[in-house]
Protein chains: 2
Amino acid sequence: MSDRDPFILKLETFAALDEGDRDLLRDRCRRIVAMRAKEEIVQEGADPQVVHLVLSGFACRYKILADGSRQIVAFLLPGDFCDLHVFILDEHDHNIATLTDCRLALLSREDVTALCGRPRVARALWWSTLVDQAILREWLLNIGRRSAEERVAHLLCELLERLRNVGLVSADNSFKLPVTQGELADTLGLTVVHVNRMIRNLRDMDLIAVSGRQIMVPDVEGLKRFCGFRANYLHLERDRSRPDDALAESEAFAMRVD
Amino acid sequence: MSDRDPFILKLETFAALDEGDRDLLRDRCRRIVAMRAKEEIVQEGADPQVVHLVLSGFACRYKILADGSRQIVAFLLPGDFCDLHVFILDEHDHNIATLTDCRLALLSREDVTALCGRPRVARALWWSTLVDQAILREWLLNIGRRSAEERVAHLLCELLERLRNVGLVSADNSFKLPVTQGELADTLGLTVVHVNRMIRNLRDMDLIAVSGRQIMVPDVEGLKRFCGFRANYLHLERDRSRPDDALAESEAFAMRVD
DNA sequence: CGCGTTGTTGAAATTCCTCAAGAATAGTGG
DNA sequence: CCACTATTCTTGAGGAATTTCAACAACGCG
């Protein structure tokens with residue numbers, strides 16, 4: 001693995017890791033499992049004692065209603081942890097599944113403990129959990145108060161920024177979105193048919209260009225303006241006012257597990 | 001303050017605090033501020049270094065769109081922390097305001113550090129953050145995939161259980177809901193008019209009884225069945241399989257801040 | 001008592017969904 | 001490499017849920 005691993009890239013968004021931090025991360029993420037598309041990673045009600053980290057591919061969290069309708073409540077992209085909460089909460093309140101073929105790192109309780117022994121890494125894990133929460137709030141706003149067209153556009157803006165952050169967007173602002181329109185519908189609280197029409201609208205307005213599962217955004221600012229996208233909730237700008245050195249010295253946020 | 005303080009009740013849902021833990025909590029929550037209804041507690045973009053804890057009254061997190069429409073993304077009830085994340089994230093991505101007159105405890109960075117020095121308290125704070133996240137997921141499902149009638153019913157079920165947990169529900173399953181229908185609409189992604197009609201429907205079906213701002217639920221199981229409410233996402237059952245003593249001994253989850 | 005906020009209801013407009021069917025695409029086995 | 005099948009995408013038309021607009025009643029507060 002190289003420094004360009006998505007999960008290291010992602011954690012470095014917030015904490016300026018040193019070589020020791022990175023080595024530890026690489027070392028603890030050595031247990032890797034490959035999964036096919038549309039397989040279950042974690043079932044609701046389960047109490048597994050392993051943390052999953054997406055190395056490549058797309059996965060999602062979702063919930064299902066009795067009538068079979070599904071709500072996807074998070075996209076898990078390369079660099080995202082699936083279930084950091086597993087050591088605190090008693091049981092899973094949602095399912096996690098792959099959307100595409102995935103490579104996942106498996107971390108034991110000891111691995112997480114070791115990672116949390118490093119203040120900067122611990123802080124980065126906390127940060128990653130809190131960003132997940134911020135994304136949930138934004139999605140709630142998206143579904144609750146934006147029109148269907150804006151919802152689709154907003155989700156694409158978010159994916160553009162999140163994927164860019166882990167090096168998965170090319171120079172022309174295009175990225176692979178290996179997700180069906182049905183899955184987008186389950187994410188946005190819409191039906192497949194309507195998502196399809198909204199995507200068509202965005203294409204007709206030249207806000208996006210779709211070829212297969214590749215999305216190209218010709219005018220990023222234009223798309224963001226259209227749906228009122230502001231990236232602040234992703235907290236991708238590391239806070240310069242809180243020097244990492246001071247943090248490291250004070251061993252702030254050491255979170256130890258067992 | 002007595003052992004019956006809502007915030008202590010809430011934290012005890014998960015961690016079996018001892019007298020020392022409770023004393024520390026009471027001690028650190030001594031700085032109290034009273035606020036009137038509909039005042040701002042935290043503004044988006046701000047970087048305050050104080051954590052707020054609701055002692056009495058209702059508050060909410062919310063986000064606003066450019067066109068003025070609002071989405072409430074969390075209800076903050078007695079015992080809930082408003083902004084535990086403040087020491088990690090650089091800036092607030094949402095606003096927090098009171099809905100009713102409130103009493104809030106103010107915790108400094110040092111207070112939080114002190115609380116996190118106690119493993120059981122630290123774990124309870126983590127737990128409270130993760131439950132907030134679980135509630136966000138359920139709300140997303142609620143808005144994304146349930147009918148308007150079910151949405152209202154589901155929110156009432158959640159409030160019933162959360163308020164019961166902090167001792168604010170009477171024996172006949174009634175509780176005070178000091179929230180306007182407009183605020184419910186902004187929570188559920190609906191309009192005031194429609195919320196009003198849905199409440200009427202629930203009344204007509206005898207699933208709830210409303211008198212002023214008091215809600216009575218004559219048949220709790222019936223209401224839950226109607227909207228498919230399952231309380232598991234609130235994680236109110238402390239996990240008996242993980243003895244607190246072992247936890248305490250191992251100093252698990254000590255989260256230190258500065 | 002008067003005034004602003006909140007609750008309530010009706011009717012028309014709009015968004016989004018459902019149903020249905022055909023076209024394109026991807027995957028599979030021969 | 002092709003035929004076959006399943007999944008996904010696309011479009012149309014009609015229907016249902018929800019919103020918008022508008023008006024008035026009820027309530028709470030100074």
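Chain letters run A, B, ... following the sequence lines, proteins first, then strands; residues in each count from 1.
Rounded to an integer number of Å, the gap from CZ of B/Arg146 to P of D/dA17 is 18 Å. For the pair B/Glu149 CD and D/dA17 C1', the interatomic distance rounds to 11 Å; values are reported in whole Å. As a whole-Å value, the separation of B/Lys38 NZ from C/dG4 P is 17 Å. Following rounding to the nearest Å, B/Leu99 (CG) and C/dT5 (C1') show an atom-to-atom distance of 15 Å. Between A/Ile143 atom CD1 and C/dC17 atom P the separation is 11 Å, expressed in whole Å. Rounded to an integer number of Å, the gap from B/Gln181 CD to C/dG7 P is 5 Å. Atom CG of B/Asn201 and atom P of D/dT18 are 11 Å apart (whole Å). Rounded to whole angstrom, the span from the CD atom of A/Gln214 across to the P atom of C/dT25 amounts to 16 Å.
Counting all heavy atoms, side chain and backbone alike, A/Leu177 lies closest to A/Phe58 at CD1-CE2, 3.9 Å. Of all heavy-atom pairs spanning B/Phe175 and B/Leu168, the tightest one is CB-O, 3.7 Å.
Residue A/Thr180 places its side chain closer to D/dT8 than to any other of D/dT8, C/dT6, C/dC16. Across D/dT10, C/dT9, C/dT6, the shortest atom-to-atom separation from the side chain of B/Arg213 is found for C/dT6.
The side chain of B/Asn196 places an N or O atom within less than 4.0 Å of a non-bridging phosphate oxygen (OP1 or OP2) of C/dT8. When the side-chain nitrogen and oxygen atoms of A/Arg203 are compared with OP1 and OP2 of D/dT10, one or more of them lie within a distance under 4.0 Å.
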Only distances under 3.5 Å count here; give the side-chain donor-acceptor pairs of residues 196-206 of chain B to other protein atoms, sequence neighbours excluded, each with its distance to 0.1 Å.
unit_1   : atom_1 : unit_2   : atom_2 : d
B/Asn196 : ND2    : B/Gln181 : OE1    : 2.9
B/Asn201 : ND2    : B/Glu149 : OE2    : 2.8

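For A/His52 and A/His85, the ring centers sit 6.0 Å or farther from each other.
The existence of a salt bridge linking B/Arg145 and A/Asp186 is confirmed by a sub-4.0 Å separation between a basic side-chain nitrogen and an acidic carboxylate oxygen. A salt bridge is absent between A/Asp83 and A/Arg61: the closest approach of a Lys/Arg side-chain nitrogen to an acidic carboxylate oxygen does not fall below 4.0 angstrom.
The main-chain N or O of A/Asn173 is never found under 3.5 Å from a side-chain atom of A/Arg164 such that the two would form a donor-acceptor pair.
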Expected string for nucleotides 19-30 of chain D under the B/S/- scheme (protein heavy atoms, under 4.0 Å, primed atoms plus P, OP1, OP2 as sugar-phosphate) is BBB---------
